[in-house]
Colleague: 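Just dropping this structure here.
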Amino acid sequence: DIDFLTLKQIITNKKDIQSIQTTTSQDTKNNTNVDLEVYFLSLLIKAQIDFIKSYLYNFDLEDWKNKDVAIILQKLVLFTNTNQIFEINKFIDTLTENHKDFIKNLYMQDIEFNQKEFDLTLNRIRKIGGKEKINRLTKNIKLAEKQGDYLKVQTLLKEIENTKQVLLQ
């Protein structure tokens with residue numbers, strides 16, 4: 001199996017896939033959500049359309065750090081709503097020039113869809129995003145406390161608890 005570190009090396013260095021040392025999925029733990037999101041997208045575009053549809057409706061695309069990935073995922077939602085079969089070339093035709101090249105490069109890589117790897121990557125994205133959200137909410141709580149807005153503090157504390165519950169799943 002090839003993971004996102006290898007994919008990143010291929011894309012950024014344009015090296016031949018056989019010349020890159022394969023890394024394990026465990027190596028992705030300490031990397032940013034942006035890299036994980038690209039890897040997630042590379043796995044998703046190799047999946048069957050029913051699988052793609054089932055996962056695309058579980059996301060709040062505003063939370064994605066990589067805005068290009070978020071835009072492509074939005075286009076993928078629209079594409080899967082109007083097509084019964086996922087044909088990469090038809091999907092690519094719906095994208096801007098920059099996004100077309102990006103998806104072509106991702107799709108051309110020797111990465112096969114793997115449910116376990118997909119789930120691990122998705123869980124990492126959610127955990128990193130959840131931690132960032134808790135940090136952001138904590139800062140907002142401190143600000144609300146300084147302003148004496150205790151109703152807002154209560155609301156933010158509930159939001160932190162909800163986020164923690166999601167992270168524990």
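Side chains are part of it too, since the values below use all heavy atoms of this structure and drop only hydrogens, waters and symmetry mates. Throughout, residue positions are numbered sequentially from 1 according to the sequence presented.
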Colleague: Is there a side-chain contact between V77 and L73 in this structure, where contact means two heavy atoms from C-beta onward sitting under 4.5 Å apart?
Modeller: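 Side chain of V77 against side chain of L73, heavy atoms only: no contact under 4.5 Å found.
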Colleague: Sequence neighbours left out, what passes side chain to side chain donor-acceptor pair (under 3.5 Å) with N135? Give chain and number order.
Modeller: none
Colleague: Quick one: list whatever passes ring-ring contact (aromatic ring centres under 6.0 Å, His included) with Y107, sequence neighbours left out.
Modeller: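 Testing Y107 for ring-ring contact (aromatic ring centres under 6.0 Å, His included), a comparison that skips the adjacent residues, returns none.
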Colleague: Under a 3.5 Å threshold, yes or no: a donor from one side chain and an acceptor from the other, between N105 and Q109?
Modeller: no
Colleague: Can you sort out the partners of K127 under side-chain contact (heavy atoms from CB on, under 4.5 Å), two or more places apart, ordered by chain and number?
Modeller: L167
Colleague: Is there any side chain to side chain donor-acceptor pair (under 3.5 Å) pair reaching into residues 143-164, and which pairs are they, with sequence neighbours excluded?
Modeller: none
Colleague: Between K90 and F79, is there a side-chain heavy-atom distance shorter than 4.5 Å?
Modeller: yes
Colleague: For A70 versus W64, what's the shortest heavy-atom pair and its separation?
Modeller: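 Shortest heavy-atom separation between A70 and W64 comes out as CB-CB, 3.9 Å.
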Colleague: Please report, to 0.1 Å, the donor-acceptor pairs under 3.5 Å made by any side chain of residues 94-103, with sequence neighbours excluded.
Modeller:
unit_1	atom_1	unit_2	atom_2	d
T94	OG1	F91	O	2.5
T96	OG1	H99	N	3.4
T96	OG1	H99	ND1	3.1
E97	OE2	K100	NZ	3.4
H99	NE2	D68	OD1	2.9

Colleague: Considering only heavy atoms from C-beta outward, does the side chain of F113 approach that of Q48 to under 4.5 Å?
Modeller: no
Colleague: Is a side-chain N or O of N114 found less than 3.5 angstrom from the main chain of K116, in a donor-acceptor match?
Modeller: yes
Colleague: For the CD1 atom of I52 and the CG atom of L44, what is their distance to the nearest 0.5 Å?
Modeller: 5.0 Å
Colleague: Classify the ring geometry of F118 against F51: parallel below 30°, tilted from 30° to 60°, perpendicular beyond 60°.
Modeller: perpendicular
Colleague: Run the salt bridge (charged side-chain N to carboxylate O under 4.0 Å, His left out) test against K104 and tell me which residues pass, sequence neighbours left out.
Modeller: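 Counting only residues at least two positions away or on another chain, K104 forms no salt bridge (charged side-chain N to carboxylate O under 4.0 Å, His left out).
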